[in-house]
Amino acid sequence: MTAADMTENQSAPSDQPGTPASEPEKTPVNWWQEVKSIILLILAVLAFHSFVAKPFYIPSESMMPVLLKGDRLVVSKFPYGWSYVSPSFHPLPFLKGRIFGRLPERGDIVIVSPQNKREDYIKRVIGLPGDIVEVRGGQVVLNGVPVRQRVLKPVRIPVDGNAPCPPAQFPGALMTDAGGRSWCELPTRQEVLPNGKSYVTIDMGPSTLDWYGPVRVPADHVFLMGDNRDNSADSRAPLEENGLGGPVPWEAIGGRAEFITFSLDGDSSWNPLSWLHAFRNGRAGNSLRPESVPPPK
């Protein structure tokens with residue numbers, strides 16, 4: 001073997017097993033691109049919540065029996081157009097007017113932002129601009145005509161962590177059946193508005209909210225009430241008592257409640273095994289649009 005052959009053999013690449021191959025060079029992470037993607041995703045979610053629909057959590061008993069504390073529902077943002085309360089978290093000050101604005105209908109369940117607050121209430125539309133609204137002994141009177149009512153059988157709501165049936169709100173309503181299960185038995189009435197929209201209310205008896213008005217609803221305002229008539233900080237209650245302080249401007253309406261997605265009874269813990277048992281049966285998918293009956297003559 002010549003010296004030239006030996007030099008060629010030494011410079012040739014080795015094909016023997018176990019010889020490490022050269023690794024491809026790794027592409028560095030473009031952190032700015034990753035951050036930009038996350039920001040765009042957050043903006044897309046906020047835009048959807050602001051202009052299309054958003055989830056809503058029921059924090060109180062003011063809309064019983066149709067809504068229970070612990071219900072999760074979908075609120076559509078576009079039926080009445082958009083206003084200063086449409087953006088998520090309400091970052092804007094009061095701005096008059098709506099874009100593609102349309103008034104709610106009597107009987108609609110809406111979310112509303114009280115004056116000087118950054119939170120949402122959920123109530124039912126009772127009076128529209130020009131209406132004269134009065135409450136006499138718990139009876140709603142619109143334009144001098146009592147709203148039609150019909151007494152129904154008491155509704156029985158299972159007692160749980162989110163519906164404890166406190167005696168201060170529901171005196172004498174707590175009961176236990178033969179099987180040992182606790183219920184909140186509440187007196188109910190069907191109410192039919194002049195446009196034929198019907199829903200069920202709870203009235204526990206005489207209260208300070210049973211007498212109100214008469215007041216005329218100003219232009220571009222609506223009058224709102226909760227279905228749990230004795231336990232609702234609505235248009236009948238003053239601002240100092242966390243109420244709405246009378247008719248509210250239509251700009252304060254943030255959207256219309258559509259349907260329940262799911263409901264939690266409030267009895268779950270940090271143990272994941274308890275989460276499935278916390279779901280209330282039979283509430284998911286329930287529509288929140290009022291029923292229509294023949295309008296009263």
Side-chain angles (χ1 to χ4, degrees), residues 23-60 62-63 66-104 108-123 125 161-162 248-289:
E23 295 183 359
E25 185 178 351
K26 293 184 178 180
T27 303
V29 177
N30 187 339
W31 289 108
W32 167 240
Q33 187 65 34
E34 297 295 326
V35 171
K36 187 166 66 172
S37 298
I38 294 174
I39 292 174
L40 290 175
L41 178 61
I42 293 173
L43 291 176
V45 172
L46 291 176
F48 187 86
H49 281 193
S50 299
F51 301 110
V52 182
K54 77 169 188 176
F56 189 80
Y57 165 74
I58 301 299
S60 71
S62 69
M63 284 298 292
V66 66
L67 287 170
L68 304 180
K69 182 179 178 181
D71 285 349
R72 270 70 170 178
L73 50 98
V74 168
V75 172
S76 58
K77 305 300 287 290
F78 52 86
Y80 314 127
W82 297 275
S83 72
Y84 78 100
V85 299
S86 296
S88 298
F89 312 117
H90 307 322
L92 301 176
F94 178 84
L95 297 172
K96 191 170 179 58
R98 300 187 73 98
I99 300 174
F100 301 115
R102 183 173 69 86
L103 279 168
D108 284 355
I109 298 177
V110 301
I111 58 171
V112 57
S113 295
Q115 296 180 37
N116 305 320
K117 289 192 177 183
R118 300 285 181 175
E119 59 182 310
D120 289 325
Y121 289 9
I122 185 162
K123 306 296 176 187
V125 178
N162 276 332
V248 299
W250 73 327
E251 291 90 348
I253 302 298
R256 183 178 67 197
E258 300 293 350
F259 60 90
I260 297 172
T261 52
F262 63 94
S263 183
L264 299 176
D265 62 16
D267 291 331
S268 61
S269 66
W270 289 105
N271 183 357
L273 296 178
S274 68
W275 297 351
L276 288 177
H277 297 286
F279 285 91
R280 291 182 174 127
N281 293 326
R283 297 196 63 76
N286 287 355
S287 173
L288 299 176
R289 304 302 305 278

* Worked verdict on Val75 versus Leu73 for side-chain contact (heavy atoms from CB on, under 4.5 Å) -> CA-CA 7 Å; Val75 172; Leu73 50 98; 3.5 Å; yes
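- Within the structure, no pair that satisfies the salt bridge (charged side-chain N to carboxylate O under 4.0 Å, His left out) test touches residues 80-103, not counting sequence neighbours.
- Annotation: side chain of Phe279 is in contact with side chain of Leu264 (closest heavy-atom distance under 4.5 Å).
- The closest side-chain heavy-atom distance from Glu34 to Asn30 is not below 4.5 Å.
- Taking a 6.0 Å sphere around CG of Asn281, one finds it holds 12 or fewer heavy atoms contributed by other residues, nucleotides or ligands.
- The backbone N or O of Trp82 sits nowhere less than 3.5 Å from a side-chain atom of Lys77 that would complete a donor-acceptor pair.
- Note that the CD1 atom of Ile58 and the CD1 atom of Ile260 stand 8.0 Å from one another [nearest 0.5 Å].
- Taken to the nearest 0.5 Å, the CG atom of Leu46 stands 10.0 Å off from the CZ atom of Phe51.
- A 4.5 Å side-chain heavy-atom check between Phe94 and Pro249 finds at least one atom pair inside the cut-off.
- Of all heavy-atom pairs spanning Pro104 and Val110, the tightest one is CB-CG1, 4.5 Å.
- Summarising the geometry, atom CD belonging to Glu251 is positioned 10.5 Å from atom OG belonging to Ser86; distances are rounded to the nearest 0.5 Å.
- Side-chain atoms of Arg283 and Leu68, non-hydrogen and from C-beta on, do get closer than 4.5 Å to each other.
- Residues Val52 and Phe78 come closest through the heavy atom pair O-CD2, 3.4 Å.
- A distance of 9.0 Å separates CG in Leu67 from CZ in Phe56, rounded to the nearest 0.5 Å.
- Contacts classified as side-chain hydrogen bond (donor to acceptor under 3.5 Å, both in side chains) and involving residues 258-269 (residues at least two apart or in different chains) are given here: Asp71-Ser263, Ser76-Glu258, Arg256-Glu258, Ser263-Arg280, Ser269-Ser274.
- Residues Met63 and Ile109 are in side-chain contact: their nearest non-hydrogen atoms beyond the backbone lie under 4.5 Å apart.
- Remark: Asp120 pairs with Lys54, His90, Ser113 by the side chain to side chain donor-acceptor pair (under 3.5 Å) rule, at least two apart or across chains.
- Interatomic distance, OG of Ser62 versus CD1 of Ile122, reported as 8.0 Å (0.5 Å rounding).
- Atom CD1 of Ile99 has 12 or fewer neighbouring heavy atoms from other residues, nucleotides or ligands inside a 6.0 Å radius.
- One finds the CD1 atom of Ile111 at 13.0 Å from the NZ atom of Lys123 (value rounded to the nearest 0.5 Å).
- Counting all heavy atoms, side chain and backbone alike, Ser50 lies closest to Pro87 at OG-CA, 3.3 Å.
- Taking each heavy atom of His49 and Ser88 in turn, the nearest pair found is CB-OG, 3.2 Å.
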